[in-house]
Amino acid sequence: MLDIKFIRDNVDLVKSGLGKKGFQFDHEQFQHLDEARKTALTHAQSLQAEKKKASKQVGALIGQGMSPEDAKAQVLGSIDADISEAELAAKEAEHALTQLLMTIPNMPQGAVPFGADESDNLEVLSWGEPTVFDFTAKDHVDLGEPFGLNFDLGARVAGSRFAVMSGPIARLHRALTQFMLDIHADEHGYEETYVPYLVNKDALEGTGQLPKFEEDLFKITGAQGDKDFYLIPTAEVPVTNLMRDTVFDGALPVKKVAHTPCFRSEAGSYGRDTRGMIRQHQFDKVELVQFVHASQSDAALEELTGHAETILQRLHLPYRKVMLCGGDLGFSAAKTYDLEVWLPGQQKYREISSCSNFEDYQARRMGARWRNPASGKPELLHTINGSGLAVGRTLVAVLENYQQVDGSIRIPDALQPYMGGLEWIRA
RNA sequence: GGAGGGAUGGCUGAGCGGUUGAAAGCACCGGUCUUGAAAACCGGCGUAGGUUAAUAGCCUACCUAGGGUUCGAAUCCCUAUCCCUCCGCCA
């Protein structure tokens, strides 16, 4: 969430910043709740002070030999011992304010372009040329089918938006995962990390998926007492929350890479990308997360995005890098680069990675701090994350960009060691 | 599933109804000593909110969380969560 003091002191700035994201900040409601909290809190605190003082006096009198009854009578006569009502009111006012703060998105950075949707995103880089064939390019559904990519079986065991992979396609999928993990762990300095695929509500509130976007998640009810679990929509959730409620003492940055499946309900995307594995309820992703000092987060976003780009470059997949405009920016993000890979089957660039700087927004929500040795004080961390890359979509990109006229697939050089030296997938 | 034991500040760990926000140690910061460093010694050192020009004072809360008893709770009671030990089951 945003710093409440910052909101108080910069109402206009907050209003315009959030407006860029298409969010209408109701500052009157904010001010009302803020005032109400202050009033209730001050009232409760003065009563608490009174009670505390009186109790001490009672104790002192009893210590001097007075009977407890007399001591109470002498001191407590005028004091209303029951302050629970005031305490409750303060708590409720506090809660109401927090509720509001939790639904206010992060502010976009100044450099983020204005715009309503993805058509206003800003292309900042284009790498390679869209692959050209002297035959009509097939899409990955047709290309993958003979080699083990099957959507009917996915539908049979689960439903729509599920795939089953077998044989060479399954191997290629695993090869891509291993390839990505190795590069990030061995060359880019990320610590390989294994995390739970089910998380609790607190974790999702920490990264910003809750309370506003519950409908995008798969929920598992009543699995653990009366507590609910959620399937992770991205490894960002468990990995970023590793720093929840901690004061980290070590050296920054902390860089972690995790390979996980991701689960998304895709509510509200009916009819979009129904063909193929572009939009699935379950997909694998290799995720990069960095915890950095506040002064380093801009540079860290550039670095992390570069790490994701490395994967595309090693696979020789043409892509472009866009900076998301305000309207396309996610709830918690201050700045985001999307990497879009060229898909010959669609004759389009499609998102394959999203890399964001959240600044201290997630850290404040989850209490992720770092002890600055210079001051000895805890400071909020900045969090960065990005896909490096979405494995399913990378598989799609490899199939479509490396297809041959006869329907066979050449294995990218970088991937061959991960395929047992195999150079081709063909019948 | 059954039976027990725990949860205290960045960490370890005392306290088990009243000047306890909490002993002690470690870590950290400042100082003395030293050519420098180490050691030793001295001092400091929680977080959040309110008030404030203030990162000064002052006030409030916080000893896993939520309830309760009491004039007063880290300390007593109840519930939940998490961790540990033993038995059973199990990839």
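By convention in this document, chain letters (A, B, ...) are assigned in the order of the sequence lines, proteins followed by strands, and residues within each chain are numbered from 1. Side-chain atoms are counted along with the backbone in the values below, which use heavy atoms only and exclude waters and symmetry mates. This structure is a prediction, so every number in the text was calculated from the model and none was measured.
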key: Watson-Crick or G-U wobble mate for B/C41, both contacts under 3.5 Å   = B/G31

ask   = With sequence neighbours left out, what residues match A/E340 under salt bridge (Lys or Arg N to Asp or Glu O under 4.0 Å)?
value = A/R320

inquiry  = Between the base of B/G49 and the side chain of A/E94, is one N or O donor paired with an acceptor at under 3.5 angstrom?
reply    = no

is_close_aromatic(A/F248, A/F291), centroid dist under 6.0 Å = no

query = Partner of B/A48 by Watson-Crick or G-U wobble geometry, both contacts under 3.5 Å, or none?
reply = B/U60

note = One should read off an interatomic distance between A/R264 CZ and A/L231 CG, to the nearest 0.5 angstrom, of 12.5 Å

What are the atom names and distances for every N/O pair under 3.5 Å that joins the protein to nucleotides 64-67 of chain B?
residue : atom : partner : partner atom : Å
B/G67   : OP1  : A/K91   : NZ           : 2.8

For nucleotides 51-54 of chain B, which of its nitrogen or oxygen atoms have a protein nitrogen or oxygen under 3.5 Å away, and what is each distance?
residue : atom : partner : partner atom : Å
B/U51   : OP1  : A/K38   : NZ           : 2.7

Distance, C1' atom - from B/A14 to B/C82, rounded to whole angstrom = 23 Å

ask   = Which value, in whole Å, describes the distance between the C1' atoms of nucleotides B/U60 and B/G1?
value = 46 Å

task = Indicate yes or no for a side-chain donor-acceptor contact from A/H188 to the backbone of A/Y190 under 3.5 Å, with no hydrogens or angles considered.
result = no

task = Would you kindly compare A/D249 and A/I4 by the position of their nearest RNA chain B nucleotide and give the one closer to the 5′ end?
result = A/D249

ask   = Quantified in whole Å, what is the C1' atom distance between nucleotide B/C59 and nucleotide B/G66?
value = 26 Å

ask   = Got a sec, which pairs hit salt bridge (Lys or Arg N to Asp or Glu O under 4.0 Å) with one end in residues 360-371 of chain A, sequence neighbours left out?
value = A/D249-A/R371, A/D360-A/R364

inquiry  = In whole Å, measure the gap between the P atoms of B/A65 and B/G10 for me.
reply    = 13 Å

query = Quick check: does any side chain N or O of A/R161 sit under 3.5 Å from a backbone N or O of A/E266, one acting as donor and the other as acceptor?
reply = no

ask   = How would you list all residue pairs meeting ring-ring contact (aromatic ring centres under 6.0 Å, His included) that involve residues 258-278 of chain A, not counting sequence neighbours?
value = none

query = Which sits closer to the 5' end of RNA chain B, A/K53 or A/L41, going by the nucleotide each is nearest to?
reply = A/L41

request  = Scan residues 143-160 of chain A for pairs that pass side-chain hydrogen bond (donor to acceptor under 3.5 Å, both in side chains), counting only residues two or more places apart or in two chains.
outcome  = none

For nucleotides 43-48 of chain B, list the nitrogen or oxygen atoms of the protein found under 3.5 Å from its nitrogen or oxygen atoms, one pair per line.
residue : atom : partner : partner atom : Å
B/U47   : O3'  : A/R369  : NH1          : 3.4

query = What pairs with A/R8 under side chain to side chain donor-acceptor pair (under 3.5 Å), at least two apart in sequence or on another chain?
reply = A/D34

query = Rounded to whole angstrom units, what separation is found between the NZ atom of A/K201 and the C1' atom of B/U81?
reply = 15 Å

key: Distance, rounded to the nearest Å, where A/Q45 contributes CD and B/A61 contributes C1'   = 7 Å

task = Could you pull out all residues at least two apart from A/E359 that satisfy side chain to side chain donor-acceptor pair (under 3.5 Å)?
result = A/Q109

query = Taking CG from A/N372 and C1' from B/C29, how many angstroms apart are they, rounded to a whole number?
reply = 12 Å

Atom of A/N106, atom of A/F358 and distance for their closest heavy-atom approach = ND2-O, 3.2 Å

key: Complementary nucleotide of B/G72, counting Watson-Crick and G-U pairs under 3.5 Å   = none

task = Please give the nucleotide sitting opposite B/U55 as a Watson-Crick or G-U wobble pair, both distances under 3.5 Å, or none.
result = none

query = Atom CD of A/E87 to atom C1' of B/A73: distance rounded to whole Å?
reply = 14 Å

Pair partner, B/U20 [Watson-Crick or wobble, under 3.5 Å] = none

note = Rounded to the nearest 0.5 angstrom, the CD-OG1 distance for A/Q362 and A/T383 is 3.5 Å

inquiry  = What's the gap between B/G17 and B/U75 when it is taken at their P atoms, as a whole Å value?
reply    = 11 Å

key: Interatomic distance where CD belongs to A/Q48 and P belongs to B/G49 [whole Å]   = 16 Å

ask   = Roughly how far apart are A/M366 CE and A/D245 CG, rounded to 0.5 Å?
value = 9.5 Å

message = Taking B/A38 as the reference, what is the distance to B/U20 when you measure between their P atoms (whole Å, please)?
response = 35 Å

inquiry  = Going by salt bridge (Lys or Arg N to Asp or Glu O under 4.0 Å), name the residues that satisfy it together with A/K212, two or more places apart in sequence or in a different chain.
reply    = none

inquiry  = I'd like the P distance from B/G13 over to B/U69, given in whole Å.
reply    = 34 Å

inquiry  = As an exercise, state the distance from CG of A/D142 to CZ of A/R275, rounded to the nearest 0.5 Å.
reply    = 4.5 Å

N/O-N/O pairs, protein side and nucleotides 17-27 of chain B side, under 3.5 Å:
residue : atom : partner : partner atom : Å
B/G18   : N2   : A/S55   : O            : 3.0

request  = Tell which nucleotide pairs with B/G1, taking only Watson-Crick or G-U wobble pairs whose two distances are both under 3.5 angstrom.
outcome  = B/C87

query = Roughly how far apart, to the nearest Å, are B/A48 and B/C42 at atom C1'?
reply = 32 Å

key: Watson-Crick or G-U wobble partner of B/G36, both distances under 3.5 Å   = none

key: Residue matched to B/C82 through Watson-Crick or wobble contacts both under 3.5 angstrom   = B/G6

task = Only counting residues at least two apart or in another chain, list the ones meeting salt bridge (Lys or Arg N to Asp or Glu O under 4.0 Å) with A/E35.
result = none

